[in-house]
Amino acid sequence: MQKAVVPQTGAACIPKPCTRQPSSSGASAAPVTRARAARSSCVSVRAMQRAQSPSRSHALDRVSVPEAAPVSLHPDAIRRRQEAEKRRQSRLQYTQETASGKGWWEVQNPFNMHIVASAEEFKDRIRLAKAGNSLVVVDYFAPWCHACKSLHPQLQKLATAYQDVTFLSVNAGVDSLKAMCDEIGVTRLPYFHFIKGERGLVAEFSANLTAQKLQQLRLQIAQHRAT
């Protein structure tokens, strides 16, 4: 019968020797840093060499800035430039005057286009026109009327073209003139009256910015201004 082997309690456990070598981080970091610095210096040197190479400088020399087109001296081109400049100045003036507080119906009106301030002024201007046997075109409008505002530049062009015709602008949005418009029978805006000398009212109709209505305005003016 075999005896059980009992380990001795006083025997010490002897560990195995460690085969891993201690790492020296400080020793390995220096070569890596030097390698990175060397690569970056090489890259910067190559970039400088490419920038200073003759082939690249020639390529940069070949890049040309487009020159401005020569200004045409043809009469039609000169006229178009003058008209464009006049329109630009007109828009600038319109913006400045409306910003100062003027209404759209008060800006850039020709000398023969008058804004009626009262019923008395309206009657006086009609009386003067009748005495001179001249044609009067009365435009009834309101500041809030979008059709009136859109049509107003076309009326300014007509007034400039027919300088012997008097154009009166009656603001139907003002209380004093609104009562006069109700008495005359103006129920729609914009509305026009054509008054000629002693004959009085020769035509009336409402208008807008359509080609048909603009042609009707021109025909009425051309027909009654000469008679």
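You'll find the side chain of P143 reaches within 4.5 Å of the side chain of N171, heavy atoms only. Within the 4.5 Å cutoff, the side chain of Q154 has no heavy atoms near those of the L217 side chain. Counting only heavy atoms from C-beta outward, the side chains of F122 and L177 never approach each other to under 4.5 Å. Under the 4.5 Å side-chain criterion, counting only non-hydrogen atoms from C-beta, T160 is not in contact with K157. A heavy-atom distance below 4.5 Å is not found between the side chains of R125 and V136. Side chains of V170 and M180 form a contact here, defined as non-hydrogen atoms less than 4.5 Å apart. You'll find the side chain of Q220 reaches within 4.5 Å of the side chain of F205, heavy atoms only. Looking only at side-chain heavy atoms (C-beta outward), D164 and N112 stay at 4.5 Å or farther from each other.
Using cut-offs of 30° and 60° on the angle between ring planes, the pair Y140 and Y191 is tilted.
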Going through the distances and angles, do F167 and Q156 end up as a side chain to side chain contact (heavy atoms under 4.5 Å, CB included)?
CA-CA 9 Å; F167 288 78; Q156 291 175 324; over 6 Å; no

Going through the checks in order, is the side chain to side chain contact (heavy atoms under 4.5 Å, CB included) test met by Q215 and Q212?
CA-CA 5 Å; Q215 183 64 18; Q212 181 181 1; 5.9 Å; no

Apply the test side chain to side chain contact (heavy atoms under 4.5 Å, CB included) to residues L151 and K213: give CA-CA distance (whole Å), side-chain angles for both, the deciding distance (0.1 Å), then the verdict.
CA-CA 10 Å; L151 188 60; K213 288 296 185 178; over 6 Å; no

Just do the side chain to side chain contact (heavy atoms under 4.5 Å, CB included) check on F141 and H152 with the steps written out, would you?
CA-CA 9 Å; F141 74 97; H152 189 68; over 6 Å; no

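Taking both residues in full, the closest heavy atoms of C145 and C148 are given as SG-SG, 2.5 Å, listed atom of the first, atom of the second, then distance. When all heavy atoms of P190 and A207 are compared, the closest pair comes out as CG-O, 3.1 Å.
One hydrophobic cluster, built from ILVMFWY side chains closer than 4.5 Å, holds both F194 and M113. Residues L214 and V165 share a hydrophobic cluster, clusters being chains of Ile/Leu/Val/Met/Phe/Trp/Tyr side chains in contact below 4.5 Å. Put simply, I184 and F192 are part of two different groups of oily side chains (I, L, V, M, F, W, Y) that touch within less than 4.5 Å, one to the next. A continuous path of Ile, Leu, Val, Met, Phe, Trp and Tyr side chains, each step under 4.5 Å between heavy atoms, connects V107 with I115, placing both in one hydrophobic cluster. Placement of I221 and F111 in two distinct hydrophobic clusters is found when ILVMFWY residues are connected by side-chain heavy-atom separations under 4.5 Å, directly or transitively.
Electrostatic pairing of K178 and D175 does not count as a salt bridge here, judged by no charged N lying under 4.0 Å from a carboxylate O. R81 and E85 are not joined by a salt bridge, as no carboxylate oxygen comes within less than 4.0 angstrom of a charged side-chain nitrogen.
Sparse packing is recorded around NZ of K149, with 12 or fewer heavy atoms of other residues, nucleotides or ligands lying under 6.0 Å away.
Note that SG of C181 is 13.5 Å distant from CZ of R188, once rounded to the nearest 0.5 Å. The CZ atom of R80 sits 8.0 Å away from atom NE2 of H74, with the distance rounded to the nearest 0.5 Å. How far CG of L219 is from NE2 of H224: 10.0 Å, rounded to the nearest 0.5 Å. The line from OG of S169 to CG of D139 is 5.0 Å long, rounded to the nearest 0.5 Å. Separating the CZ atom in R225 from the CG atom in L135 is a distance of 8.5 Å, to the nearest 0.5 Å.
Under a 3.5 Å cut-off, the side chain of E121 and the backbone N or O of A117 do form a donor-acceptor pair.
Side-chain contact of N133 with E198: a donor-acceptor pair under 3.5 Å is absent, judged by distance alone.
Screening L201, T166, V202 for a side-chain contact (heavy atoms from CB on, under 4.5 Å) with I195, the sole residue that qualifies is L201.
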